[in-house]
Amino acid sequence: MSLFKHASEILQAKVNHFLNNVEDPSETLDLSYEKMISNLQDTKRHLADVYAEKVSLENQMASAQKAADKADADAKTALSANREDLARAELAQKQTQLQKVASLKEAHDTVAAQAQKLEDYERKLQDHIEQFRTRKEVMKAEMTAAQSEVKAGESLAGIGQGMDDASEAMRRVQDRTLKMESKATAMDGLIESGALSDPLDNRSQTDKEMDQVRSGSGVEDDLARLKAEMAKEKAEPSTDDSNKR
């Protein structure tokens, strides 16, 4: 190992140690959550822009179709007045407007598809953020409890200085977990595009499909059970009445 490489590794180790000491894990979690909310707001703004473009194209299509219909009506009027030259001109204008409608419709279909993708992405991102928020609150609660327990142990045992290493080790483990969460957030775009699997969901595709089957089956079983219980409750009074008679 060269002298410069060794010095670089020592410097990097000192920097990492400093960052680990000054970083507040709770603040890091909250910052990650705020960044995810910011990404969601950006997505909503992009979706609003796409919708505005979609409506604009629809208005232009309606206007061009109206112009084509007017040109067709004017062509009929011109023919009625024996002005075939004017009728031809109006029909040429009609074809121009119809071509415009076709071009606008093609653009509209493309924008509509983009809007649908953004809607799907927004919905998935909201679900992802909610999952992260729940995990964040759980981790913060566990972290607070753990830190309180360590401090209580230090006070009772009177070995606060001796527990520093254990506390530092716990914080470093928590920091590694937070780094993984930050990495998951940074890769969110790849996850939503399908290039990578969701790091929050470790199930295989088969497991996911089986969970869906089990969920659907459970609902149907509960529904059948409730129907059977209700039918039994209705049948019992009738049976008692028949016995009395």
Side-chain angles (χ1 to χ4, degrees), residues 26-74 90-140 177-213 215-216 219:
S26 297
E27 291 182 358
T28 301
L29 281 173
D30 291 336
L31 179 60
S32 297
Y33 180 70
E34 290 174 3
K35 290 172 65 177
M36 295 175 73
I37 292 296
S38 178
N39 290 337
L40 178 61
Q41 295 301 324
D42 289 341
T43 300
K44 290 181 179 292
R45 282 192 290 269
H46 294 326
L47 182 58
D49 292 340
V50 171
Y51 267 121
E53 183 63 25
K54 181 171 173 284
V55 172
S56 176
L57 289 171
E58 290 171 352
N59 291 336
Q60 293 180 62
M61 288 168 59
S63 178
Q65 184 61 54
K66 184 177 180 180
D69 294 341
K70 181 179 181 303
D72 187 74
D74 289 344
E90 289 298 330
L91 291 176
Q93 178 64 20
K94 173 186 175 181
Q95 291 302 316
T96 298
Q97 293 300 323
L98 289 178
Q99 290 176 2
K100 183 177 180 180
V101 170
S103 297
L104 289 170
K105 185 178 185 306
E106 183 178 354
H108 176 271
D109 291 344
T110 300
V111 171
Q114 292 174 343
Q116 184 61 51
K117 289 181 180 179
L118 281 174
E119 286 180 357
D120 294 340
Y121 177 79
E122 179 189 16
R123 183 170 57 256
K124 291 178 181 179
L125 185 56
Q126 286 177 332
D127 292 342
H128 187 81
I129 289 174
E130 181 59 25
Q131 292 176 13
F132 180 85
R133 186 190 69 79
T134 301
R135 291 189 62 185
K136 174 177 72 73
E137 295 304 321
V138 170
M139 290 182 66
K140 288 174 66 175
T177 302
L178 296 180
K179 289 176 182 177
M180 293 300 296
E181 292 289 351
S182 298
K183 182 178 179 181
T185 302
M187 296 172 66
D188 188 68
L190 292 176
I191 294 172
E192 299 303 332
S193 68
L196 293 176
S197 59
D198 190 344
L200 297 179
D201 191 347
N202 294 324
R203 298 175 297 168
S204 67
Q205 184 62 31
T206 301
D207 290 338
K208 294 177 183 177
E209 294 178 3
M210 286 301 300
D211 287 344
Q212 292 177 353
V213 171
S215 177
V219 172

Peer 1: Are the side chain of Ser32 and the backbone N or O of Thr28 linked by a donor-acceptor pair below 3.5 Å?
Peer 2: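 Pair found, side chain donor or acceptor close to backbone of Thr28.
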Peer 1: Is the shortest side-chain N to carboxylate O distance from Arg45 to Asp49 below 4.0 Å?
Peer 2: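 Salt bridge flag = no for Asp49 with Arg45.
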Peer 1: Using the side chain to side chain contact (heavy atoms under 4.5 Å, CB included) criterion, which residues pair with Leu31? Sequence neighbours excluded.
Peer 2: Glu34, Lys35
Peer 1: For the pair Lys54 and Glu58, find out whether any cationic side-chain nitrogen is under 4.0 Å from an anionic carboxylate oxygen.
Peer 2: yes
Peer 1: Using every non-hydrogen atom in the two residues, find where Leu125 and Leu40 come nearest and quote the distance to one decimal.
Peer 2: CD2-CA, 3.7 Å
Peer 1: Can you confirm whether Gln97 sits close enough to Gln93 that some side-chain heavy atom of one is under 4.5 Å from a side-chain heavy atom of the other?
Peer 2: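 Contact flag for Gln97/Gln93 side chains = yes.
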Peer 1: Say you draw a straight line from CG of Asp42 to NZ of Lys44; how long is it, rounded to the nearest 0.5 Å?
Peer 2: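 Atom-to-atom, Asp42:CG and Lys44:NZ are 11.5 Å apart.
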Peer 1: To the nearest 0.5 Å, what is the distance between CG (Asp30) and NZ (Lys136)?
Peer 2: 4.5 Å
Peer 1: Taking side chain to side chain contact (heavy atoms under 4.5 Å, CB included) as the criterion, tell me which of Gln65, Gln60, His108, Lys66 meets it with Val101.
Peer 2: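 Single pass found, and it is Gln65.
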Peer 1: Can Asp127 and Lys124 be counted as an ion pair, charged N to O under 4.0 angstrom?
Peer 2: no
Peer 1: Could you grab the distance from atom CD of Gln95 to atom CG of Asp72, nearest 0.5 Å is fine?
Peer 2: 9.5 Å
Peer 1: Please answer whether the main-chain N or O of Asn59 pairs with a side-chain N or O of Ser63 as donor and acceptor at a distance below 3.5 Å.
Peer 2: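 Flag not set: sc Ser63 to bb Asn59 has no pair under 3.5 Å.
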Peer 1: Is it the case that Glu106 and Thr110 place a side-chain donor and acceptor less than 3.5 Å from each other?
Peer 2: no
Peer 1: Can you measure from CG (Leu118) to OG1 (Thr43) and round to the nearest 0.5 angstrom?
Peer 2: 7.0 Å
Peer 1: Can you tell me how far CE of Met139 sits from CZ of Phe132, rounded to the nearest 0.5 angstrom?
Peer 2: 8.0 Å
Peer 1: So Lys94 and Asp69, do their side chains get closer than 4.5 Å, heavy atoms only?
Peer 2: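 When only atoms from C-beta onward are counted, Lys94 and Asp69 do not touch, as no gap falls below 4.5 Å.
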